[in-house]
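The structure appears below as structure tokens.
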Amino acid sequence: YNPTVGETNIAPQPTIELTVNQRIVAGSGNVSLRMVSAGSTIIENFGVGSSVTINNDGTLPKLSFTPTSTLSADSVIFVDIPAGAFKTPTGTDIKATNWTFTTKPTYQLWSWGDNEKGELGLNQSAANIEYSSPVQIGSDSNWDSIGVGGDASLWGAAIKADGTLWVWGENDSYGQLGLNDKVNRSSPTQIPGTTWNKATRGRFHGLATKTDGTLWAWGDFQDGALGNNGPANIDYSSPIQIGSDTTWGTDAGHLSASDKTTGAIKTDGTLWMWGDNDFGELGINDRSVLNYSSPVQVPGTTWRTVSLANGPLISATKTDGTMWVWGNGRMGGNGQNVPENTDYSSPVQVPGTTWSKAHITHGYSVLAAKTDNTLWSWGYNWSGELGQNSRIDYSSPVQIPGTTWSTNPITLGATYGSSVWTVKTDGTAWVWGDSYYGQLGLNTNGAVGPRRYSSPTQLPGTNWASIIGNNDGAFGLRT
């Protein structure tokens, strides 16, 4: 990886590569890596001329070196290059330079709720063992991210810090685990490859980006959900590349899938949609074509995040802090304060210019955070999923009490069964909505304790980083 000065959340890679602004040759001395958070303890020295590679090809020269061990997660790393370690081609010493960068944190992976197809990943031989409080999946603590979307799915996906992608749960219908078979799994199983970056789960299909900017899909093709422009009704049980582009975005919030629709943002800020278009979900101001099997562009070049759920409502934010919605307007989910079931086939703006993220819940409600760490909701509220201490629907944004909600795009989760989870800036997790299968993690379910919670209730524990829902359960990352 190629860290810049002060850069944070650097993913661990085998080799450190640094870009320089002039051609260089080896001098003498060592490039040193130090662990700033551990009292500047030296991690490793790299001898110039022996352990440091210089590449003067291309517009900007580079130097690189490979630590013998993976750098510690969530740590400040100090790079020290002494004077004379490198020279110009004419023999002039290059001055000393140094800087710091911060590696990404890694996490434990937890799950709870319904377990009909082994979707909790807890390696149980008996089906449908429910858990109403969080249980850790395995003992690993090197998980990086959870596959978003999938609020009606019965399978899970998560990526580790080493770039490997792991899946589990239902697979017997369409091969949605991408393992080249149709066999259910009750524990995480690796999809081949070590450069996976972000993943999303539709109900019966999955997609993921790689670090090289390519996009891959697998599972059910229905209504063009895979985006590969292939023949109808052909399922794929292992990943296939979508086109040949290498410019698909790799940040959180850049990729999301619903039942039969997918949205993805490219590095140039363009938003692309494909799949089902019955209610105008593709946002292209055209409902005459019911589905598209390859990506079509939603107008605009400043898209930042996109969110889909099981239903036909889409939300997205732009870099200017505006939020936009389109698709089905059932129960006021489009936030426009217009009559129920008003559909939009192109993006319409939700009032405000300080939105940081949005998340669709079960297709007819929206949760969204602002840059001031406030949290807002609107739409369908049958189980209290709007967090308003009521079960009244709202057709425009209303604030959920509190001013310390996280603005990270991956800290909002919801299920098809009207359950909601989110995280505050202090690492506490808060839940509300339906708890019939124990999916809120509060040790209650349809038989024991309240069935519904209409205002935020704290999930036991701290250090939660994100929580993502599936059909009637949840996956969480915590340190």
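Below, each value reflects all heavy atoms present in this structure, side chains not excepted, and no hydrogens, waters or symmetry copies.
In summary, the side chains of Thr200 and Ser256 do not present any donor paired with an acceptor at a separation below 3.5 Å, with no hydrogens or angles considered. Checked by atom type, the side-chain pair Trp430/Thr428 shows a donor-acceptor distance below 3.5 Å. Arg287 and Ser345 share no side-chain donor-acceptor pair at under 3.5 Å.
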Apply side-chain contact (heavy atoms from CB on, under 4.5 Å) to residues Leu18 and Lys62 and explain how you reach the verdict. CA-CA 6 Å; Leu18 307 174; Lys62 296 181 171 92; over 6 Å; no
Given Arg304 and Ile265, is the side-chain contact (heavy atoms from CB on, under 4.5 Å) satisfied, shown in steps? CA-CA 7 Å; Arg304 180 177 56 189; Ile265 296 173; 5.6 Å; no
Start with the C-alpha distance between Ser356 and Thr371, add both sets of side-chain angles, then the distance that settles side-chain hydrogen bond (donor to acceptor under 3.5 Å, both in side chains), and finish with yes or no. CA-CA 6 Å; Ser356 63; Thr371 54; over 6 Å; no
Given side-chain contact (heavy atoms from CB on, under 4.5 Å), test Leu477 with Ile146 step by step and report yes or no. CA-CA 8 Å; Leu477 294 177; Ile146 305 170; 3.7 Å; yes
One pair to check against side-chain contact (heavy atoms from CB on, under 4.5 Å): Leu313 and Val366. What are the steps and the verdict? CA-CA 9 Å; Leu313 178 65; Val366 180; 3.9 Å; yes
Would His359 and Thr422 satisfy side-chain hydrogen bond (donor to acceptor under 3.5 Å, both in side chains), going step by step from the backbone distance to the final call? CA-CA 10 Å; His359 187 90; Thr422 191; over 6 Å; no
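Remark: side-chain polar atoms of Asp212 are not paired, donor with acceptor, to backbone N or O of Thr246 under 3.5 angstrom. Listed for the Thr194 side chain is no donor-acceptor partner under 3.5 Å among the backbone atoms of Gly163. Although no hydrogens or angles enter the test, the distance criterion places a donor-acceptor pair under 3.5 Å between the side chain of Asp286 and the main chain of Ser288. In this structure, Asn115 contributes its side chain and Leu120 its backbone to a donor-acceptor pair below 3.5 Å. Under the 3.5 Å distance criterion, the side-chain polar atoms of Trp272 are left unmatched by any main-chain donor or acceptor of Ser294.
The closest side-chain heavy-atom distance from Asp276 to Glu281 is below 4.5 Å. Side-chain contact check for Ser238 versus Trp218: every heavy-atom pair is 4.5 Å or farther apart. You'll find the side chain of Asn197 stays beyond 4.5 Å of the side chain of Lys210, heavy atoms only. Put simply, the side chain of Val148 does not reach to within 4.5 Å of the side chain of Leu255, judged on heavy atoms. Residues Pro188 and Ile137 form a side-chain contact, since some pair of their non-hydrogen atoms from C-beta on lies under 4.5 Å apart. Using a 4.5 Å heavy-atom cutoff, the side chains of Asp74 and Thr106 are not in contact. Residues Leu290 and Asn277 have side chains not in contact (no heavy-atom distance under 4.5 Å, counting atoms from C-beta outward). By the 4.5 Å heavy-atom criterion applied to side chains, Asp144 and Trp196 are not counted as neighbours.
Judged as a ring pair (Phe, Tyr, Trp, His ring centres under 6.0 Å), and not counting sequence neighbours, the contacts of Phe46 are Phe65. Remark: Trp166 pairs with Thr164 by the side-chain hydrogen bond (donor to acceptor under 3.5 Å, both in side chains) rule, at least two apart or across chains. With sequence neighbours excluded, no residue forms a side-chain hydrogen bond (donor to acceptor under 3.5 Å, both in side chains) with Asn56. Under the rule for a side-chain hydrogen bond (donor to acceptor under 3.5 Å, both in side chains), Asp235 has no partner lying at least two apart in sequence or in another chain. Taking Thr90 as the reference, Thr88 meet the side-chain hydrogen bond (donor to acceptor under 3.5 Å, both in side chains) condition, with sequence neighbours excluded.
Pairing each heavy atom of Gly441 with each of Pro134, the nearest pair is O-CD, 3.7 Å. The two residues Val167 and Ile191 make their nearest non-hydrogen contact at CG1-CD1, 3.8 Å. Across every non-hydrogen atom of Thr305 and Ala252, the tightest pair is CG2-O, 4.4 Å. Between Trp110 and Gln136, the shortest heavy-atom distance links the atoms CE3-N, 3.3 Å. Nearest approach of Gly275 to Leu282, heavy atoms of both residues: O-CD1, 3.9 Å. Across all their heavy atoms, Ala85 and Val48 have their closest contact at O-CG1, 3.1 Å.
Pro347 pairs with exactly one of Leu271, Ile314, Asn285, Val298 by the side chain to side chain contact (heavy atoms under 4.5 Å, CB included) rule, that one being Val298. With respect to Phe475, the ring-ring contact (aromatic ring centres under 6.0 Å, His included) criterion is satisfied by exactly one of Trp168, Trp155, Trp143, Tyr107: Trp168.
The existence of a salt bridge linking Arg203 and Asp220 is excluded, since no basic side-chain nitrogen approaches an acidic carboxylate oxygen closer than 4.0 Å. In this structure, Lys182 does not pair ionically with Asp172, as no charged nitrogen and carboxylate oxygen lie closer than 4.0 Å.
Between the CD atom of Gln222 and the NE2 atom of His205 there is a distance of 10.5 Å, given to the nearest 0.5 Å. Note: Ile81 CD1 to Lys95 NZ = 15.0 Å, rounded to the nearest 0.5 Å. For the atom pair OG1 of Thr103 and CG of Leu71, the computed distance is 6.5 Å after rounding to the nearest 0.5 Å. Separation of atoms CG (Asp223) and CG (Asn291) is listed at 4.5 Å; rounding is to 0.5 Å.
Using cut-offs of 30° and 60° for the angle between ring planes, the Trp248 and Trp274 rings count as perpendicular.
Within the structure, side-chain hydrogen bond (donor to acceptor under 3.5 Å, both in side chains) pairs that include any residue of residues 21-32 comprise Ser32-Asn45 (at least two apart or interchain).
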